[in-house]
Amino acid sequence: MNNNKLPAWINVLLLPLLNLLMAFAVSALVFIAVDVNPVEAASLMIQGALGYQEGVGYTLYYATNFIFTGLAVAVAFSAGLFNIGGEGQAYIGGLGTGLMCLALDASMPFWVIFPVSMLGGMLFGALWALIPAYLQAYRGSHVVITTIMFNFIASSLMVYLMVNVLKPDGEMSAVSRLIGENARLPMMDEILGWFGIAFDPSPLNFSFFIALAALVMVWLLLWHTRWGYAIRALGANPTAASYGGINPKRLTVIVMLISGGLAGLLGMNEVAGYSHQLRLDFVAGYGFTGIAVALIGRGHPIGILFASLLFGVLFQGGNELSFEYPNVDREMVEVVQALVVLFSGALSLMLVKPVEKIYLAITAAKADKLKAQEA
Amino acid sequence: MFETIILLLDATLRVSTPLLLLALAGLFSERSGVVNIALEGKLLAAAFAAAATAFATDSVWLGMLAGMATGVMMSLIHGFASITHRGDQIVSGTAINMLAAGLTITLGRYWFEMGGQTPALSGNQRFQAITLPLAEMLENVPVIGALYSKLLSGHTLLVYLAFAMVPLSWWILQRTRFGLRLRAVGENPHSVDTAGISVTWLRYRALIIAGILAGIAGAYLSTGHAAGFVPNMSAGKGFIALAALIFGKWRPVPVMLGCLLFGFLDALAVRLQGVELPVVGEVPVQAIEVLPYVLTVLLLAGFIGKAVGPKAVGQPYVKSR
Amino acid sequence: MSQARPQSPLALELRGIEKRFGDVHANRDINLQVPAGTIHGIIGENGAGKSTLMNIIYGFYEADSGEILVEGQRQTITSSREAIAAGIGMVHQHFMLVDNFTVLENVILGAEEGGLLAGSLRKARKELTRLAEEYQLDVPLDATIEELPVGLQQRVEILKALYRGAKVLILDEPTGVLTPQETDHLFRILDALRQQGVTILLITHKLREILAVTDNVSVMRQGAMVGHVKTADTDKEALAELMVGRKVRLKVEKGPAKPGEVLMSTRDLTYTDDRGVDMLKSVNIDIRAGEVVGIAGVSGNGQSELMEALAGILVPSKGEIRIGSHHITPEAPSDPKSVRAMKVGHVPEDRLAMGLVKSFSAEESAILGFHEQAQYNGPVLSKPKAIEAKCRALMEEWDVRPPNPKLRSSLFSGGNQQKLIIAREVDQNPDVLMIGQPTRGVDIGAIEYIHKRIIDMRDQGKGVLLVSVELDEILALSDRIVVMFDGNIVGEVPADKANERILGMMMANVIPDELKAGETL
Amino acid sequence: ADFKPAVAYDTAGKHDKSFNQAVYENGVIAFNKDKGVKVFEYVPSNDTQREQGLERMARRGYSPIVVVGFNYAASLEKVAKKYPETDFVIIDSVVDLPNVKSLVFAEHEGSFLVGALAAMKSETQKVGFIGGMDIPLIRKFACGYEQGVKHVSGDAEVFQNMTGSTPAAFADPVRGAELAKSQFSRGADIVFAAAGGTGNGVYQAAKDEGKFAIGVDSNQNHLHPGTMLTSMVKRVGFTTYKVFEEYQAGNFSAGIQANGLADGGIEWALDEYNRDLISAEDEAQLNAIAKKIIAGEIVVHDYMADNSCKY
Ligand SMILES: Nc1ncnc2c1ncn2[C@@H]1O[C@H](COP(=O)(O)OP(=O)(O)OP(=O)(O)O)[C@@H](O)[C@H]1O
Ligand SMILES: Nc1ncnc2c1ncn2[C@@H]1O[C@H](COP(=O)(O)OP(=O)(O)OP(=O)(O)O)[C@@H](O)[C@H]1O
Ligand SMILES: [Mg+2]
Ligand SMILES: [Mg+2]
């Protein structure tokens with residue numbers, strides 16, 4: 001994606017923004033097509049997502065999920081692996097978190113359950129990535145296809161477990177029992193309350209801080225450790241990496257484990273943080289949104305943070321919108337999301353050449369002017 | 001028992017049909033070097049377009065045309081991103097899947113105000129079952145009669161079309177100029193380019209064929225198999241078809257067998273829901289549902305045979321090397 | 001430089017061809033006249049722009065400006081299709097064949113008649129049988145390409161061009177992958193084609209071949225044509241001088257070697273690749289302290305595999321490698337990291353594919369392979385300052401320009417990339433340094449410096465293993481020269497007894513008489 | 001609280017031709033038409049949105065909030081606790097909180113009736129049942145139906161299939177059709193679908209094969225006249241309407257409200273679309289059975305009482 005002839009600010013800021021704008025422009029057309037005034041809708045979405053405390057809470061709560069899944073995609077991608085299985089890894093990771101909570105809430109205090117459930121989530125998520133990773137590294141099957149398959153396997157496995165194992169007797173919906181208070185993460189309004197700050201209740205919870213910590217950890221890992229060096233070398237040039245003493249197979253497995261572990265953290269937000277029980281489909285496509293987030297964020301933690309916030313706004317604002325407009329539903333947001341993936345991901349190269357031409361023309365004109373002035 | 005098996009196989013044919021059309025769609029695009037994880041989205045969009053058009057025009061044929069046109073349009077978007085602009089084929093495929101899931105419901109809700117469904121279709125708005133000649137006469141002939149009149153007869157036109165597409169696809173790939181070039185461009189696009197053939201146009205044509213086939217699959221789903229569109233009615237069929245494509249190692253006849261196997265498993269799973277079997281007891285339906293995915297993973301891992309795709313699949317074509 | 005107008009009619013003429021790839025000016029104002037029915041050689045260093053020019057003639061690339069005339073007619077050639085129609089055929093440096101197609105299918109691809117294949121196949125089979133007889137171009141028509149050795153694959157490429165009725169045939173470095181016998185056969189084919197009036201453009205680096213088969217030669221340097229001569233009127237030295245723009249014959253100042261103990265050796269080393277081909281066959285070689293061992297050979301005869309096996313990148317399938325007191329066998333294989341720990345440095349042959357990571361900054365590339373060393377790392381986090389300081393120091397010592405550790409590796413010129421890589425390896429003060437193609441695409445000043453440092457290493461008592469396709473370089477630097485052919489070691493010559501003729505014979509798997517006496521073998 | 005009614009449908013949406021649609025047409029629309037009061041409506045697009053939707057309605061001061069379907073139970077339990085000032089009504093599930101009214105229905109009684117009708121009408125003496133999600137509630141339908149069939153004809157055979165084990169099983173007409181076809185091929189000539197949107201596939205298959213089908217929840221007789229034998233109507237819309245009416249009048253009470261044949265909460269549908277299919281004597285016999293059930297002379301077993309179908 002990078003173009004040597006263009007300065008960094010164009011590559012890193014302008015081009016992604018232009019891609020995003022195009023996605024939004026096409027989205028506006030879809031809004032018009034269903035009789036919704038896009039300007040009105042946009043302002044309603046922003047208002048609903050950022051205009052009041054609870055809305056902000058929801059926005060950040062969604063963003064928390066996207067940070068986890070976005071990082072999962074980005075870490076794998078920096079090693080040249082397209083982990084499209086964030087959905088399944090997050091699902092199984094959430095199962096891990098939930099199982100730990102359900103197992104320990106009767107006997108253990110929060111300070112034991114918290115780390116154990118977090119590790120449980122990461123471990124389960126990582127394990128779900130292990131088989132595709134192993135197959136990619138040692139048996140040459142492509143990780144994209146196997147992770148897709150594993151998403152479906154995860155979903156069937158969860159249905160089985162939820163319906164046949166975890167559902168309490170007499171419960172009709174496929175949900176587990178609620179986890180105990182001592183297994184739940186503090187909600188943001190509680191946390192801020194400790195510091196005397198009033199904040200409206202919302203699903204935003206302590207996981208948000210876990211997500212921020214994950215961003216920092218991934219940034220440190222990738223750019224400030226020898227392991228990150230190895231990961232990026234593997235992604236950029238596998239031959240050179242293996243010449244440099246990096247074992248590509250082992251590293252592939254390790255990177256996928258990290259990736260799966262990050263996706264697995266989603267359970268902290270969804271299970272231990274918000275719904276306090278295991279439910280069917282709590283991942284709700286966040287794993288796929290992670291792809292969009294990683295693409296827009298260009299695989300960099302700062303970019304991922306902003307992209308997650310953007311999608312948080314879209315999701316929360318979209319809910320708000322569906323509340324106001326009978327014609328609009330969450331699917332509308334999915335359309336916007338799809339267009340963002342299309343323009344920022346698949347069509348990311350489309351604008352490079354034109355922008356380059358314009359930029360070179362402008363600089364050339366400037367140079368001419370300078371010359372003319374000198375003369 | 002014989003009766004039960006016939007009926008199970010009968011259902012297998014119906015359930016395999018969309019898989020087969022889709023897998024053949026995938027076959028054309030992947031043999032040309034374009035990974036098609038967008039089958040799911042193309043199917044869904046086409047199913048919606050077909051049902052909506054059939055309802056609006058009271059003609060299932062116009063519905064199918066609309067389905068095909070939609071499949072092609074999706075393919076063109078796919079091609080625009082991944083052929084013309086050399087975007088990542090997986091990313092563009094994912095985008096198309098998301099787009100189809102969102103757009104079908106959004107438009108459906110707006111047009112029909114039925115929560116994303118289309119109204120139920122009937123009469124001319126649907127493909128009707130066809131009774132093959134002599135089917136009624138032969139009905140009572142033992143074995144053959146049942147096979148012919150119960151299993152082979154009594155499906156909609158599209159079922160026969162789907163199975164007819166198998167030898168046709170084989171013939172196109174192996175016996176025609178277009179097929180030769182298509183296979184070549186998926187293996188080594190440079191060889192095609194230096195032979196003076198446009199890689200871009202060839203891949204676009206492959207994608208267009210894929211769009212048409214996915215369009216027919218969609219039309220079958222909503223106007224043949226079911227009687228109308230319901231949200232997310234593709235329900236992962238695109239990915240099962242992809243699995244069947246890998247399972248059949250990108251060759252038409254084995255791909256068909258893969259589709260039949262996976263269709264059979266689906267038909268079986270439907271019937272085993274909550275049923276106690278002798279000896280094994282109640283088999284969790286989920287265990288059968290995941291079999292296509294598990295089998296495909298095992299195959300990919302080389303535990304049962306080896307699946308190696310077209311060499312150039314997934315890579316955007318860049319001239320220099 | 002202009003070309004005297006030749007007498008015979010021109011098969012091909014180029015006027016003012018220009019081509020840029022971004023900043024790279026690959027072809028500058030190229031003028032060229034090729035008389036019909038001749039073999040026209042084109043030579044030039046790596047990156048001189050030969051392939052680019054040929055690709056323009058073949059319509060694979062479009063020139064920024066300039067004209068192409070075929071048989072005196074101006075042709076607009078913007079695609080291969082138009083080139084083929086104009087009677088131009090090309091055998092690319094990398095073959096353009098579909099591996100799992102049969103020969104027949106490959107030949108008709110793009111030249112089919114009608115929508116169905118059957119007719120085309122029948123016709124092609126007849127036509128190819130005829131061509132095979134006429135030009136000694138036998139190939140099994142129903143074999144798939146992947147079953148064929150490279151020599152036969154190349155014949156398929158030639159057949160493809162002839163089947164399309166090529167009157168001008170371009171061959172881009174056809175002999176790089178061939179054995180001497182295959183090369184001879186190729187040249188007989190080319191001669192036969194010339195007899196039939198086909199015009200041939202032949203690109204090669206090998207001056208001997210140019211002198212052997214061509215009628216005229218054009219020389220390219222840095223994107224421009226710098227000379228056109230009749231082959232009969234020139235010799236190797238003159239051509240070489242034209243090619244590099246200076247007197248060749250490098251003189252490297254060096255004293256006699258003082259070989260010491262064996263630092264690295266192989267015993268019966270065999271390597272079988274993924275396809276099941278033995279690329280190394282029972283290779284025995286010793287590298288001693290204080291000597292430079294050169295490995296000569298036509299590229300593709302196992303030199304690369306030998307180096308990579310020694311470096312731990314390839315796992316041997318039989319035999320043993322000894323490095324100091326370590327024994328590396330198929331059962332106890334090693335890896336690049338462990339080999340580095342045994343104090344072996346490795347400068348790979350292909351710097352862009354292996355030696356560095358293009359998208360990394362120079363400082364990151366400058367620690368590739370050593371990124372886990374304590375000097376660059378704290379307990380968890382790495383030490384960016386230490387990394388930058390090291391890169392700066394290396395850049396200063398080796399005069400890498402621009403001396404900017406933050407610049408992306410891909411933005412340095414080839415010579416500077418190479419200096420950075422060699423600097424990185426030498427800086428580790430290895431006992432054995434393996435170095436492949438040390439000066440490929442590097443300017444003279446840098447070549448001299450690199451050569452001097454290689455000799456310095458030797459004089460400090462290190463063992464040096466040198467792989468190069470440049471015989472000059474091998475002759476200038478080595479104390480002993482080992483020649484490889486088809487995965488075997490053909491023989492070994494002390495530097496003071498070696499010359500191009502002897503090495504050339506050995507590279508063709510012929511033992512010269514003077515060596516048969518047996519003093520060194 | 002002020003009267004500011006709202007309805008949260010299940011994910012299947014208010015046009016599922018069945019359960020949700022009944023609430024929509026006979027509850028929301030009818031109430032709006034009769035009383036001129038606008039009812040706020042909400043459809044979550046997936047399970048995770050239920051809670052957010054309920055909270056938002058509660059926060060905006062809606063009350064009572066009618067939630068349609070047992071899938072809401074878990075979410076409602078949390079939200080109702082959080083908003084004790086708001087009144088909620090849940091259909092088909094019991095949430096034991098002071099601000100929640102739970103509307104449950106005697107589906108087994110209605111199913112018994114249509115089962116009896118199926119047995120009277122079946123020529124093959126083989127009838128089918130297709131359920132949606134495999135849960136006790138749907139088993140309750142199945143059990144009542146089976147009893148009704150056996151009551152009329154002890155030898156008749158009842159095939160039973162469930163579509164799946166997740167909420168998606170209520171929205172899968174293709175599977176519904178497949179299941180129906182498999183039952184028809186085994187000889188069934190009447191199927192009863194208690195499967196939400198999945199039922200549409202069942203009815204279509206019945207029509208395609210020239211068999212009979214029995215609708216559920218809403219009166220679905222009009223869908224395919226001549227094919228729909230009758231519908232087991234669970235008058236959720238009517239009951240919703242009643243709840244609104246009571247609330248408006250100020251006499252809302254929490255707790256469980258059971259609705260059955262006796263109070264008109266459950267009935268079998270007879271209208272112009274199926275008039276011709278039901279003979280006068282069948283009608284009379286069915287009404288007689290209904291009377292006996294109301295009178296307690298026939299005791300229909302409720303599967304959910306002991307999670308088994310032993311009668
Ligand atoms: N597609 C391309 N994009 C950018 N630069 C290119 C491209 N093709 C060639 N070049 C550059 O153009 C120059 C000439 O390359 P070319 O391949 O013509 O050299 P050559 O003489 O054939 O060298 P060799 O002997 O190594 O084959 C080189 O600097 C090369 O890097
Ligand atoms: N394919 C390419 N794409 C982009 N830039 C290139 C490419 N090839 C070369 N360059 C840039 O063009 C410049 C000249 O490179 P080149 O390799 O031709 O230098 P050079 O004069 O041969 O130097 P040296 O003798 O050190 O190899 C360098 O800055 C290099 O980074
Ligand atoms: Mg070249
Ligand atoms: Mg250079």
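First the proteins, then the strands, lettered A, B, ... as listed; each starts at 1.
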- prompt: Pick from D:Asn71, D:Asn307, D:Val43, D:Asp92: which one has the most heavy-atom pairs with chain A under 4.5 Å?
  reply: D:Asn71

- prompt: Which bit of D:Tyr42 is near chain A, if near means a heavy-atom gap under 4.5 Å: side chain, backbone, both or neither?
  reply: side chain

message: Salt bridge check, A:Arg279 against D:Glu51: does any charged N sit closer than 4.0 Å to a carboxylate O?
response: yes

message: Does any backbone or side-chain atom of D:Glu55 lie under 4.5 Å from a heavy atom of chain A? Answer side chain, backbone, both or neither.
response: side chain

field: Region of D:Met57 that comes under 4.5 Å of a non-hydrogen atom in chain A
entry: both

- prompt: Picking from D:Glu41, D:Gln52, D:Glu77, D:Met133, which has the most non-hydrogen pairs under 4.5 angstrom with chain A?
  reply: D:Gln52

message: Side chains of A:Glu270 and A:Ser275: any donor to acceptor distance under 3.5 Å?
response: no

- prompt: Using non-hydrogen atoms only, which part of D:Arg50 is less than 4.5 Å away from chain A: side chain, backbone, both, or neither?
  reply: neither

- prompt: So, D:Arg139 and D:Asp134, do they make that salt bridge, N to O below 4.0 Å?
  reply: yes

- request: Compute whether any side-chain donor of one residue and acceptor of the other, for A:Glu54 and A:Gln316, lie under 3.5 angstrom apart.
  value: no

- prompt: Non-hydrogen atoms of chain D under 4.5 Å away: do they reach the side chain of A:Asp169, the backbone, both or neither?
  reply: neither

message: Under 6.0 Å between ring centres: does that hold for A:Tyr61 and A:Tyr274?
response: yes

message: For A:Phe66 together with A:Phe315, are the ring centres under 6.0 Å from each other?
response: yes

- request: Check whether A:Tyr160 gets within reach of chain D through its side chain, its backbone, both or neither, counting any heavy atom under 4.5 Å.
  value: neither

